[in-house]
K.L.:
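One structure, pasted below without further comment.
Residue numbers count from 1 along this sequence.
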Amino acid sequence: MDGKQRRQEILKCMKNSDGPVSGETLAKALGVSRQVIVQDIALLRAADYDILATNRGYLCTSLTEYSRVFHVNHKNEDILEELNIIVDFGATVVDVFVEHEPYGELRAPLDIHTRRQVLEFVGNINNGNSSPLMTITCGDHYHTVKADSEVTLNEIETELHKHGFLKT
């Protein structure tokens with residue numbers, strides 16, 4: 001793992017933590033010394049991340065997430081490809097929802113951010129006694145997607161459009 005990847009992992013650890021993360025914990029998790037972590041924290045601060053050093057560890061207060069709702073339409077057999085496109089950009093599929101004429105908005109949380117979770121989700125649909133929410137609207141549905149930047153969301157949008165999933 002190079003320095004850039006390691007710093008991204010440090011940010012991810014801080015983001016996923018409920019409180020401060022100690023330098024020792026980060027060092028063990030990433031297989032480096034605490035001094036390397038201190039240097040990485042300095043580089044992250046130089047890159048405008050607001051990282052506080054507390055007596056219990058590091059805390060990042062500037063981990064901004066961006067979100068966008070994508071209006072998509074596809075067949076059931078395209079669910080795997082659609083979700084993989086999103087998670088391959090490091091984004092999270094927060095939910096799925098449909099606008100149903102008589103019932104209004106119907107929404108289900110997903111919180112999918114890895115290919116493994118995509119496989120589990122699709123497996124549950126294929127093995128279960130239920131159908132995807134999008135079947136009640138002929139494939140028409142929406143996903144709220146969280147990512148680390150607007151650039152990532154734009155890339156996801158381009159890729160969904162390229163595959164014919166994006167509804168315009």
K.L.:
Between I51 and C60, which heavy-atom pair has the shortest distance, and what is it?
P.N.:
CG1-SG, 3.9 Å
K.L.:
Could you tell me whether E157 and R68 make a salt bridge, using a distance below 4.0 angstrom between a side-chain N and a carboxylate O?
P.N.:
yes
K.L.:
Please check if the number of heavy atoms outside E105 that lie under 6.0 Å from its CD is greater than 12.
P.N.:
yes
K.L.:
Step through it carefully: locate the ring centre of H163, locate the ring centre of H74, and say whether they are under 6.0 Å apart.
P.N.:
no
K.L.:
Side-chain heavy atoms nearer than 4.5 Å, only ILVMFWY residues, links allowed to pass through others: does that put V151 and Y66 together?
P.N.:
no
K.L.:
Hydrophobic clustering (ILVMFWY, side-chain heavy atoms < 4.5 Å, transitive) - are L52 and L26 grouped together?
P.N.:
no
K.L.:
side-chain contact (heavy atoms from CB on, under 4.5 Å) between L133 and H141: does it pass, once the steps are laid out?
P.N.:
CA-CA 8 Å; L133 195 54; H141 61 289; over 6 Å; no
K.L.:
Can you get from L110 to V118 by hopping between Ile, Leu, Val, Met, Phe, Trp and Tyr side chains that sit under 4.5 Å apart?
P.N.:
yes
K.L.:
So for atom CZ, which belongs to R107, do other residues, nucleotides or ligands contribute more than 12 heavy atoms lying within a distance under 6.0 Å?
P.N.:
yes
K.L.:
Any ion pair linking D50 and R45 (charged N to carboxylate O, less than 4.0 Å)?
P.N.:
no
K.L.:
Check the surroundings of atom CD in E24: do more than 12 heavy atoms from other residues, nucleotides or ligands lie under 6.0 Å from it?
P.N.:
no
K.L.:
Please step through side-chain contact (heavy atoms from CB on, under 4.5 Å) for the pair H113 and V93, ending with a clear verdict.
P.N.:
CA-CA 6 Å; H113 54 273; V93 184; over 6 Å; no
K.L.:
Taking D111 for the side chain and V94 for the main chain, is one N or O donor matched with an acceptor at less than 3.5 Å?
P.N.:
no
K.L.:
Any side-chain donor paired with an acceptor under 3.5 Å for H143 and E82?
P.N.:
yes
K.L.:
Keeping H71 on the side-chain end and V69 on the backbone end, is there a donor-acceptor pair under 3.5 Å?
P.N.:
no
K.L.:
side-chain contact (heavy atoms from CB on, under 4.5 Å) between V98 and I136: does it pass, once the steps are laid out?
P.N.:
CA-CA 8 Å; V98 297; I136 64 172; 4.0 Å; yes
K.L.:
Roughly how far, to the nearest 0.5 Å, is OH of Y58 from CD1 of I41?
P.N.:
5.5 Å
K.L.:
Assign the ring pair F97 / Y142 to parallel, tilted or perpendicular, where the plane angle (0 to 90°) is split at 30° and 60°.
P.N.:
parallel
K.L.:
Nearest 0.5 Å please: distance from the CG atom of L119 over to the OG1 atom of T114.
P.N.:
8.5 Å
K.L.:
Whether the side chain of T152 engages the backbone of D148 through a donor-acceptor N/O pair (distance < 3.5 Å, no angle test) should be reported.
P.N.:
no
K.L.:
Could you walk me through whether N84 and E81 pass the side-chain contact (heavy atoms from CB on, under 4.5 Å) check?
P.N.:
CA-CA 5 Å; N84 277 336; E81 185 178 11; 5.8 Å; no
K.L.:
Rounded to the nearest 0.5 Å, how far apart are CE of M14 and CG of L44?
P.N.:
6.0 Å
K.L.:
If we only count heavy atoms from C-beta on, is the I79 to P132 side-chain gap below 4.5 Å?
P.N.:
yes
K.L.:
Any side-chain to backbone donor/acceptor pair from E159 onto I156? Under 3.5 Å, distance only.
P.N.:
no
K.L.:
Same cluster or not: Y49 versus V38, using hydrophobic residues (I, L, V, M, F, W, Y) connected whenever any side-chain heavy atoms lie under 4.5 Å apart?
P.N.:
yes
K.L.:
Transitively linked via ILVMFWY side-chain contacts under 4.5 Å: L43 with L30?
P.N.:
no
K.L.:
Look up atom CD1 in I86 and atom CZ in F70, then write down how far apart they are to the nearest 0.5 Å.
P.N.:
7.0 Å
K.L.:
Any heavy-atom pair between the side chains of I37 and V32 that's under 4.5 Å?
P.N.:
yes
K.L.:
Salt bridge or not between R6 and E9? Use side-chain N to carboxylate O under 4.0 Å.
P.N.:
no
K.L.:
Quick one: are N73 and F165 in side-chain contact, heavy atoms under 4.5 Å?
P.N.:
no
K.L.:
What are the two closest non-hydrogen atoms of R56 and P20, and how far apart are they?
P.N.:
NH2-CD, 3.1 Å
K.L.:
How many angstroms lie between CG in L106 and CE in M134, if you round to the nearest 0.5 Å?
P.N.:
15.0 Å
K.L.:
To the nearest 0.5 angstrom, please state how far the CG atom of D2 sits from the CD atom of Q8.
P.N.:
10.0 Å
K.L.:
Do other residues, nucleotides or ligands put more than 12 heavy atoms under 6.0 Å from the NE2 atom of H100?
P.N.:
yes
